[in-house]
Each structure stands twice: as C-alpha cells, then as structure tokens.
Amino acid sequence: MTKHNTATRTEQPLPVLEEWNRPFFAAGENGEIRLQVCSRCNRTIYYPRAFCPHCGSQDYNWEPQPLEGTIDSFSRVWKAENPHFDPDLPFHIALVELGNGVKFFGRLRVASGVPAIGDRVSAEFVQINDEVWLPRFVRG
C-alpha cells in the first residue's frame with residue numbers, strides 16, 4: 001500500500017520581529033549568521049534576546065558567526081506540530097556546533113545518506129519573506 005501525504009500547506013509560522021531580533025532574521029540575505037555578543041561579558045547570545053541571559057546587559061553587538069560546523073545531535077521529525085510542515089515530513093532538525101563553539105539549532109537538509117553525529121555541515125539560507133531569512137544546515 002502506498003501512502004500519500006494529502007496535507008495542504010497552511011500559512012508559514014513567522015517570528016514576531018522586534019528591534020532586538022530583526023538583525024538575526026535579516027542576516028541571511030547577506031549569507032550570514034549574525035548573533036548578539038554581549039558588550040559587558042563578551043558572551044555570544046543564542047537565540048536572540050532583548051538582554052544578555054548571562055549578565056542582564058542590554059548592550060550588545062551583532063557579529064557574524066562561522067557558516068560551518070558539526071552535528072552535535074539531530075532528530076528526524078515524523079509529525080509536525082504545525083500543519084504547514086506536513087508536506088515536508090519526514091525532515092531533520094539538528095543541534096550544530098559552529099566553528100567557534102556556539103551551539104545552534106536549525107533544520108538539516110541531507111543531500112544523501114543518513115546524518116550522523118560529528119558530520120560536517122554548512123549553512124544555507126531560506127527566504128521566508130522580505131524580512132525573514134532562516135539559516136538551514138546542509139550535509140553533503
């Protein structure tokens with residue numbers, strides 16, 4: 001018996017854009033991952049926030065991050081919480097350790113085979129609308 005996915009794509013869920021997270025979602029237009037780096041404690045902040053979760057400072061700079069890393073953990077998603085993603089099932093999400101040690105969650109596109117912890121990945125960017133670009137990782 002052949003299974004067919006008959007789900008119709010609902011509207012893409014979007015982030016609420018604020019002054020403090022807009023640069024993160026716009027950076028992909030330039031092929032970059034940009035994260036906040038706290039001016040007080042010098043720690044990288046991921047995911048974007050209005051203040052540093054380490055020291056509470058609201059003073060930070062947006063700095064480019066490495067576009068390559070390794071898979072630290074991953075999961076194959078068989079059931080999506082939002083029906084928008086049903087036509088993509090199954091798909092992978094991964095925790096990627098970027099080249100500077102920052103751990104970053106993202107969708108994982110696997111060109112061939114099965115992903116494994118320790119596999120090298122690189123970032124690509126998916127444009128959702130004029131203001132939102134999402135990083136996604138690719139394992140060749």
Where [X] and [Y] come nearest, the two heavy atoms and their spacing:
X: Ser39; Y: Asn61; value: OG-ND2, 3.5 Å
X: Cys55; Y: Cys41; value: SG-SG, 3.9 Å
X: Pro115; Y: Leu108; value: CB-CD2, 3.9 Å
X: Ala50; Y: Gln58; value: O-CG, 3.7 Å

Just to verify, what does [X] make a side-chain contact (heavy atoms from CB on, under 4.5 Å) with, not counting sequence neighbours?
X: Arg109; value: Glu124, Arg136, Val138
X: Pro23; value: Trp62
X: Leu67; value: Ile33, Ala123, Phe125
X: Phe105; value: Tyr46, Leu95

I need the [X] [atom1] to [Y] [atom2] distance, nearest 0.5 Å.
X: Ile128; Y: Leu134; atom1: CD1; atom2: CG; result: 4.5 Å
X: Cys38; Y: Ile45; atom1: SG; atom2: CD1; result: 5.5 Å
X: Gln36; Y: Trp20; atom1: CD; atom2: CH2; result: 8.0 Å
X: Phe137; Y: Ile71; atom1: CZ; atom2: CD1; result: 10.0 Å

Salt bridge (Lys or Arg N to Asp or Glu O under 4.0 Å): which pairs involve [range], sequence neighbours left out?
range: residues 16-30; result: Arg22-Glu131
range: residues 34-44; result: Glu32-Arg34
range: residues 67-84; result: Glu68-Arg120, Asp72-Lys103

If hydrophobic clusters are built from ILVMFWY residues whose side chains come within less than 4.5 Å, do [X] and [Y] share one?
X: Tyr60; Y: Tyr47; value: yes
X: Ile117; Y: Leu98; value: yes
X: Val77; Y: Val110; value: no

**OP:** May I have all residue pairs that pass side-chain hydrogen bond (donor to acceptor under 3.5 Å, both in side chains) and include part of residues 92-102, sequence neighbours excluded?
**Re:**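 Passing the test, one end in residues 92-102: Gln65-Asn100.
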
**OP:** Apply the test side-chain contact (heavy atoms from CB on, under 4.5 Å) to residues Phe74 and Arg139: give CA-CA distance (whole Å), side-chain angles for both, the deciding distance (0.1 Å), then the verdict.
**Re:** CA-CA 12 Å; Phe74 71 93; Arg139 188 197 62 102; over 6 Å; no

Original post:
Which is it for Leu35 and Phe24 under the side-chain contact (heavy atoms from CB on, under 4.5 Å) test, yes or no, and what are the steps along the way?
Top reply: CA-CA 6 Å; Leu35 295 178; Phe24 172 78; 3.8 Å; yes

**OP:** Tell me, with the steps shown, if Gln12 and Asn129 meet side-chain contact (heavy atoms from CB on, under 4.5 Å).
**Re:** CA-CA 10 Å; Gln12 168 80 41; Asn129 62 29; over 6 Å; no

Compare all side-chain heavy atoms of [X] with those of [Y] and state whether any distance is below 4.5 angstrom.
X: Val132; Y: Leu17; result: yes
X: Pro135; Y: Phe104; result: yes
X: Arg107; Y: Val126; result: no

**OP:** Return yes when atom CG of Asn30 has more than 12 non-hydrogen atoms of other residues, nucleotides or ligands closer than 6.0 Å, and no otherwise.
**Re:**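 Count over threshold, so yes.
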
Original post:
Does the pair Val37 and Asn42 meet the rule for a side-chain contact (heavy atoms from CB on, under 4.5 Å), with working shown?
Top reply: CA-CA 6 Å; Val37 176; Asn42 204 37; 3.6 Å; yes

